[in-house]
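In the text below, chain A, chain B and the rest are named by the order of the sequence lines, each starting its count at 1. In this text, all values refer to a predicted model and were calculated from it rather than measured experimentally.
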Number of protein chains: 2
Amino acid sequence: MSVTIYDIAAKANVSIATVSRVFNNHARVSPRTRARVLAVAEELGYQPHASAQSLARKKTSLVAAIIPMMTNYFFVEVIRGLQDRLAESDLDLIVYSTLTLNEVDVQLERALQRGLASGVLLFATPMTPARVARLQRSSQPVVLVDSFHADFDCVSTNNREGGCRAVQHLIDRGCTRIGMIMAHPESLPAADRRIGFEQALRQAGLPLREEWIVVSEDMKQHGFTEEAGYQAMKTLLARRTRPDGVFVTSDLQALGALQALHEAGVAVPDEMALIGFDDIKISRYVGLSTLRQPMYEMGRVAVDKLLGRMEQPERPTSHTVFSPALVVRRSTAGEQAQEKGFLAWPLDHT
Amino acid sequence: MSVTIYDIAAKANVSIATVSRVFNNHARVSPRTRARVLAVAEELGYQPHASAQSLARKKTSLVAAIIPMMTNYFFVEVIRGLQDRLAESDLDLIVYSTLTLNEVDVQLERALQRGLASGVLLFATPMTPARVARLQRSSQPVVLVDSFHADFDCVSTNNREGGCRAVQHLIDRGCTRIGMIMAHPESLPAADRRIGFEQALRQAGLPLREEWIVVSEDMKQHGFTEEAGYQAMKTLLARRTRPDGVFVTSDLQALGALQALHEAGVAVPDEMALIGFDDIKISRYVGLSTLRQPMYEMGRVAVDKLLGRMEQPERPTSHTVFSPALVVRRSTAGEQAQEKGFLAWPLDHT
DNA sequence: CTGAAAGCGCTAACAT
DNA sequence: ATGTTAGCGCTTTCAG
């Protein structure tokens, strides 16, 4: 069927070992034979067989990305960064998108133990002792994206700082009753954002009222969904006194929150300002203020780390932390928003 | 290092063949030895080695999806469908997202010839004779998503019908000068949508004026980008007489078009109505009318077809065509829109 | 610089 | 029902 090194060895009058050497730029092969081999290979349209190579080399050209919630478009952008960087190194990407964390463990097992992937990019997954142990006893390197553990290479955004800046921004625009819509606290990013939130309030001497903090009970995608945001805002709106500014742990939730606000006839940002986190593509269109994560870049860096470790398994782990950038739009700045976004368009025909 | 069938064979006092049989539910293995083997395997934490299996079986557990423009969130939704269905059959998904069609061919070659993937899902790629030939001489089955060729299994949306219904909707709401913003005509879906567009105009006896049709020259992502839509609308707005209704070949482009309309102070839909195609998630939030494609379902069906063919390579090809559903929102219906979407919210504070 | 040969871990005849 | 034995296509000592 497909052409193998035997075919090209025969046709080029060399042994298969030589052919193999040529393709691995290995040892000393005379320029002449090398050229001949290459020519024949080209002529026959030879391509090395992936599985055979993996078996012999004891490592694959596959990297697995395990992504707990791809519906969160944040991750889609990161994937692009992964892809681009991976392609440069001739690696292929296996994608597992899961809905629950149990599934994460299942997929992890799949990718790790069958020797399918020679590296794993693990997204937004809390590092329980069990997971840490599992990961450590596997030989493949792992890079954590959007979560952290000192024993692994990590890339993430400074969520605490982001939460802090979000609240600071609300304060700057004059909000005094500041609330928060939290995803599930098991999510480390969400938890960190909350810490930043509380810190900023303390610093400003503003009250931190529990009734203005709504925490998602929904485990589904850790509560990073529009539905969760919608429900949370409904809850918030039912309070005796309402906050006049709300920090939401993700843009996706903020979208749902906006919907609830709209249905309740609450003016944004005048009666209530809203700021999210991520800066997914949608946000620009709805004029949602937010903290932008450099998603594409995060993807590239994640792969860099993975490749680095594949070459030097013993090098010390490192953690790259990006600072989120404040993006001011209508949901906090009203008409004065620097970035108007789309939301403006219907105003014209009203 | 890792445990192999030899280990478990030794420990269970059987041959490796028997172990293999157990794991492949193969021939007749006595219940007793089977139990014993399974027990030992469990104890040792055995997992078959993916590459070794692939090499011996001459087929992998990997399916490749080649996606020319993942930034088009349409495809992200389809991927979910793929994933879910694939997981049911214990297959893994390799994702290649490319920006140009040249890259598509490169990736195709990668996936196909190295025997990496045992099946390919090819997205939105025009079936040139060269590609058809390439695909046909490979042994792996291919399913075309969002494109068509009689020699392959396909799943797509009825784009002609969609274009037709879009225009019909514009006509129903009273538009008489109907224009269109086209992606690159090399894109089959775009071309088909245009055919539907023209057909509907003819049927209604409305003029089909070339100056109201703007075709993207941009090859990048076949012109399915916001930027392309933005530029196209600018062009359209510069015409002596403007259309009062525009059908755009994708929601992504429509988003850009809306931006241009906003900047020009054109009232939507009163001065100009707009309708897109796809119904990506964003569309609901900006109140964009559109034709919805059943993305998740398309993904599942695509995998069904692929698996079907992997089992019966000779079965006749089939083409599943979904009918797009009209979704009416503010961009064509104004305040009367059934689905209000989010665009409403800023109205409240104006 | 090049060839021979022994695996890598598993499957699949072919025997028994 | 189970064992033996060839491979699958490639890498990698070890000789020459």
Side-chain angles (χ1 to χ4, degrees), chain A residues 1-38 40-41 44-62 90 110 112-118 139-140, chain B residues 1-38 40-41 44-62 90 110 112-118 139-140:
Chain A
M1 351 211 292
S2 163
V3 16
T4 72
I5 50 174
Y6 286 90
D7 301 323
I8 110 155
K11 193 151 184 179
N13 279 314
V14 292
S15 72
I16 59 166
T18 299
V19 177
S20 176
R21 289 197 187 95
V22 169
F23 279 95
N24 293 292
N25 312 357
H26 239 332
R28 302 69 55 93
V29 186
S30 88
R32 298 197 39 192
T33 50
R34 147 166 276 116
R36 189 149 35 93
V37 167
L38 252 20
V40 175
L44 267 41
Y46 168 78
Q47 290 273 103
H49 185 103
S51 305
Q53 276 188 322
S54 307
L55 186 57
R57 291 186 186 158
K58 294 170 174 293
K59 67 183 217 184
T60 70
S61 67
L62 295 167
D90 221 46
R110 262 185 87 80
L112 249 32
Q113 197 153 21
R114 296 182 312 156
L116 225 201
S118 49
S139 51
Q140 293 102 321
Chain B
M1 355 210 293
S2 163
V3 17
T4 73
I5 50 174
Y6 287 90
D7 302 323
I8 110 155
K11 192 150 187 178
N13 279 315
V14 294
S15 72
I16 60 164
T18 300
V19 178
S20 176
R21 287 196 189 95
V22 169
F23 279 94
N24 294 290
N25 311 357
H26 241 332
R28 298 71 53 93
V29 185
S30 88
R32 297 196 41 193
T33 50
R34 144 167 277 117
R36 188 149 36 94
V37 167
L38 253 20
V40 175
L44 267 42
Y46 168 77
Q47 289 274 104
H49 186 102
S51 305
Q53 276 188 321
S54 306
L55 187 58
R57 289 184 186 158
K58 292 166 173 298
K59 67 183 220 185
T60 70
S61 67
L62 295 167
D90 220 45
R110 262 185 88 80
L112 250 31
Q113 197 155 18
R114 297 183 311 154
L116 225 201
S118 47
S139 51
Q140 293 101 322

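Under 4.0 angstrom from either OP1 or OP2 of dT11(D) there lies at least one side-chain N or O belonging to S20(A). Of the side-chain N and O atoms in Q53(B), one or more sit less than 4.0 angstrom from OP1 or OP2 of dT11(C). The shortest distance between the side-chain N/O atoms of S51(A) and the OP1/OP2 oxygens of dC10(D) is not below 4.0 Å. OP1 or OP2 of dT2(D) has at least one side-chain nitrogen or oxygen of S30(B) nearer than 4.0 Å. Contact annotation: S15(A) reaches the phosphate of dG3(C) (side-chain N/O to OP1 or OP2, under 4.0 Å).
Rounded to an integer number of Å, the gap from CG of L55(A) to P of dT11(C) is 12 Å. Residue N13(A) contributes atom CG, which lies 12 Å from atom P of dA4(C) at whole-angstrom precision. Summarising the geometry, the separation between CZ on F23(A) and C1' on dT11(D) is reported as 14 Å, rounded to the nearest angstrom. Regarding L116(A), its CG atom lies at a distance of 13 Å from the P atom of dC10(C), rounded to whole Å. A straight line from CD1 of I16(B) to P of dA6(D) spans 12 Å, rounded to a whole angstrom. Rounded to whole angstrom, the span from the NE2 atom of H49(B) across to the C1' atom of dC10(C) amounts to 9 Å. At whole-Å resolution of the value, NZ in K58(A) and C1' in dC10(D) are 13 Å apart. Rounded to a whole Å, the NZ atom of K59(A) is 12 Å from the P atom of dT11(D).
Comparing the start and finish of the helix from dC1(C)-dG16(D) to dT16(C)-dA1(D), five pairs each, the helix axis swings through 40°, to the nearest 10 degrees.
In this structure, T33(B) reaches the sugar-phosphate backbone alone: every heavy-atom distance under 4.0 Å involves primed, P, OP1 or OP2 atoms, never a base.
The closest donor-acceptor contact from the side chain of Q53(B) to the backbone of S61(B) lies at 3.5 Å or more, if one exists at all. The backbone N or O of A50(B) lies less than 3.5 Å from a partner atom in the side chain of S54(B), making a donor-acceptor pair. Between the side chain of S118(A) and the backbone N or O of T60(A), at least one donor-acceptor pair lies under 3.5 Å.
In this structure, the side chains of R57(A) and N24(A) come closer than 4.5 Å at one or more pairs of heavy atoms.
The residue among R57(A) and V19(B) whose nearest nucleotide of DNA chain C lies closer to the 5′ end is R57(A). In this structure, V14(B) and A52(B) both approach DNA chain D, and ranking their closest nucleotides by distance from the 5' end singles out V14(B).
The base of dC10(D) is paired with the side chain of Y6(A) by a donor and an acceptor separated by under 3.5 Å.
By the side chain to side chain contact (heavy atoms under 4.5 Å, CB included) test, L44(B) is found to be paired with V3(B), D7(B), I8(B), K11(B), V40(B), residues two or more places apart in sequence or in another chain being considered.
The line from NE2 of H49(B) to NZ of K58(A) is 8.0 Å long, rounded to the nearest 0.5 Å.
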Every protein N/O lying under 3.5 Å from an N/O of nucleotides 13-16 of chain D:
none

